[in-house]
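What follows is a structure written as structure tokens; I'll ask about it next.
Nothing fancy with the numbering, it's 1 onward along the sequence.
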Amino acid sequence: MAASGTDRAQQQIDEIEALSSIYGDDWCVVDEDEKIYCIKISDSLDQPKWTLCLQVILPPGYPTAEPPIYQLNAPWLRGQDYTELANSLEEIYLQNLGESILYLWVEKIREVLVEKAQSSDPEPDIKKTTEEVDEGDEDDFLLDYQPIQENQIKMLNYMTSESQEDEELPPIHHGNPITDRRSTFQAHLAPVVTTRQVKRVLDKLYENKKIASATHNIYAYRIYCEDKQTFLQDCEDDGETAAGGRLLHLMQILNAHNVLVVVSRWYGGILLGPDRFKHINNCARNVLVEYNYVPSTEESSRQAGKSKKIRKDNKKRTEH
């Protein structure tokens, strides 16, 4: 007989109590009502070299009918490392359908971290991505943002350089950073009309140590192809699941095109939950508005007001 909602709720309670007892201070309740939890996992209790934070959301159907929703957070975790670890967790779920699996997940992650510590892999360089930025260091950390009206945008020396490539490096602009609970988000924008320009901009951005050390560099671009009357577009999550798709969707809604937007996130050690997507999209929208790729909220309201007035005037004329 299938487990009832009450049975599943009790199974969740029992599992959470057990995990809290096993892992002590490393186990954290983020939101009891929403069933959001996280656990800090490291390769060693004494002098950890490799650390990762596993965040899980337990849906009503877990464990018998639905898997946990999870997110892996670590400044060093990206690319192939992320994919391999995520595949391992999903394989564990499939091998233990209907059972409580969080303990198995935690120990699998710990096993991976121990292997990395014992291998020749260099220790992760995460000083800047796991510490709160000191007030005195803030100007250096945030990539030289200046309001556009002052016409003093400092672009990290991103000047068009002489190159053998036929594609010119577009100008790269940086938006106003957003900081929330020690995580910092900043958008970067460049006009692009070819995929080669997209690659050149990304390569140039990653030359900057601060951007390269970001926990995630999420990006999306849209290029309008006039000859085919279609859009060439793509996106990248860089380990922040679904963030690239959300960013691209925002650009589609705003009808922003011939532009690349990259949003860097420096994780500050505190989980933001869904708020991180809000900050990513807000950063992106702000820089798109600032550089006139989309109208501002005030302009949109004025345009909507003008359209409404025109419709009213036309209606009056037809009535008379």
Worked verdict on L271 versus C53 for side-chain contact (heavy atoms from CB on, under 4.5 Å): CA-CA 9 Å; L271 297 171; C53 185; 4.1 Å; yes

Co-membership, hydrophobic cluster, residues V56 and L94, 4.5 Å side-chain: yes

Could you list the donor-acceptor pairs under 3.5 angstrom formed between side-chain atoms of residues 24-36 and any protein atom two or more places apart in sequence or on another chain?
residue, atom, partner, partner atom, Å
D31, OD1, D33, N, 3.1
D31, OD1, E34, N, 3.1
E32, OE2, Y37, OH, 3.1

Atom of A214, atom of S264 and distance for their closest heavy-atom approach: CB-CB, 4.1 Å

Shortest non-hydrogen contact from C283 toward A187: O-CB, 3.5 Å

Short side-chain donor-acceptor distance under 3.5 Å, D14 and Q10: yes

Test item: L250 and V261 side chains (from C-beta on) under 4.5 Å apart, heavy atoms: no

Trace of the side-chain contact (heavy atoms from CB on, under 4.5 Å) decision for L205 with N217: CA-CA 10 Å; L205 282 171; N217 283 304; over 6 Å; no

Heavy-atom pair with the smallest gap, counting every atom of R200 and L169: NH1-N, 3.4 Å

Non-neighbouring partners of Y62 that pass ring-ring contact (aromatic ring centres under 6.0 Å, His included), sequence neighbours left out: none

Short side-chain to backbone donor-acceptor contact, W50 and R110, under 3.5 Å: no

Distance, nearest 0.5 Å, that separates CD1 of I39 from CG of L102: 9.0 Å

Donor-acceptor contact below 3.5 Å, side chain N96 vs main chain E99: no

hydrophobic_cluster_shared for V289 and Y293, side chain cutoff 4.5 Å: yes

Which atom pairs, one a donor and one an acceptor, fall under 3.5 Å between side chains of residues 67-74 and the rest of the protein, sequence neighbours left out?
residue, atom, partner, partner atom, Å
Y70, OH, E90, OE2, 2.8
Q71, OE1, R276, NE, 3.2
Q71, OE1, R276, NH1, 3.3
Q71, OE1, R276, NH2, 2.4
Q71, NE2, N73, OD1, 2.7
Q71, NE2, E240, OE1, 3.2

Partners passing side-chain hydrogen bond (donor to acceptor under 3.5 Å, both in side chains) against S183 (at least two apart in sequence or in another chain): R265

Donor-acceptor pair, side chain of R222 and main chain of L232, under 3.5 angstrom: no

Gap separating the OH atom of Y82 from the CG atom of L52, nearest 0.5 angstrom: 9.5 Å

Shared hydrophobic cluster, L104 / V114 (ILVMFWY, side-chain heavy atoms < 4.5 Å): no

Atom pair CZ/CZ of R246 and F277 - distance to nearest 0.5 Å: 4.5 Å

Considering all heavy atoms, the nearest I280-A243 contact: CD1-CB, 4.1 Å

Backbone N/O of K210 and side chain of W266: donor-acceptor pair under 3.5 Å: yes

Atom pair CG/NE2 of N281 and H249 - distance to nearest 0.5 Å: 9.0 Å

Residues in side-chain hydrogen bond (donor to acceptor under 3.5 Å, both in side chains) contact with E111, at least two apart in sequence or another chain: K108

K199: partners by salt bridge (Lys or Arg N to Asp or Glu O under 4.0 Å), with sequence neighbours left out: D203

Minimum heavy-atom distance A242-D237, with the two atoms named: N-OD2, 3.3 Å

Exam field: side chain S119 to backbone K116, donor-acceptor pair closer than 3.5 Å: yes

For I270, the rest of its hydrophobic cluster, which grows through side-chain links under 4.5 angstrom: none

Side-chain donor/acceptor of Q186 to backbone N/O of G175, under 3.5 Å: yes

Hydrophobic cluster identity match, V262 and L248, side-chain contacts under 4.5 Å: no

Which residues share a side-chain contact (heavy atoms from CB on, under 4.5 Å) with S44, sequence neighbours left out: D46

Any side-chain heavy-atom pair of E236 and L202 under 4.5 Å: no

V201 and P170, any side-chain heavy atoms less than 4.5 Å apart: yes

Partner residues of D238 under the salt bridge (Lys or Arg N to Asp or Glu O under 4.0 Å) criterion, sequence neighbours left out: R78

Would you be so kind as to tabulate the donor-acceptor pairs closer than 3.5 Å made by side chains of residues 251-259, with sequence neighbours excluded?
residue, atom, partner, partner atom, Å
H257, ND1, N255, O, 3.1
N258, OD1, Y224, N, 2.9

Test side-chain contact (heavy atoms from CB on, under 4.5 Å) applied to S21 - qualifying residues, sequence neighbours left out: none

Residue pair R8 / G61: nearest heavy atoms and the distance that separates them: CD-O, 3.2 Å

Any residue meeting side-chain hydrogen bond (donor to acceptor under 3.5 Å, both in side chains) with E84, in chain and number order, not counting sequence neighbours: Q80

Shared hydrophobic cluster for Y103 and L113 (ILVMFWY, side-chain gaps under 4.5 Å): yes

D7 and Q11: CA distance, side-chain angles, deciding distance, side-chain hydrogen bond (donor to acceptor under 3.5 Å, both in side chains) verdict: CA-CA 6 Å; D7 292 337; Q11 285 178 292; over 6 Å; no

From CA spacing to verdict: side-chain contact (heavy atoms from CB on, under 4.5 Å), E290, N176: CA-CA 10 Å; E290 186 172 5; N176 195 3; 5.6 Å; no

Pairwise distance NZ(K204) to CD1(I172) - rounded to 0.5 angstrom: 8.0 Å

Audit row: I22, V106, side-chain contact (heavy atoms from CB on, under 4.5 Å) steps and yes/no: CA-CA 11 Å; I22 293 169; V106 172; over 6 Å; no

Point-to-point distance, once rounded to the nearest 0.5 Å, from NE2 of H279 to CG of N286: 12.0 Å

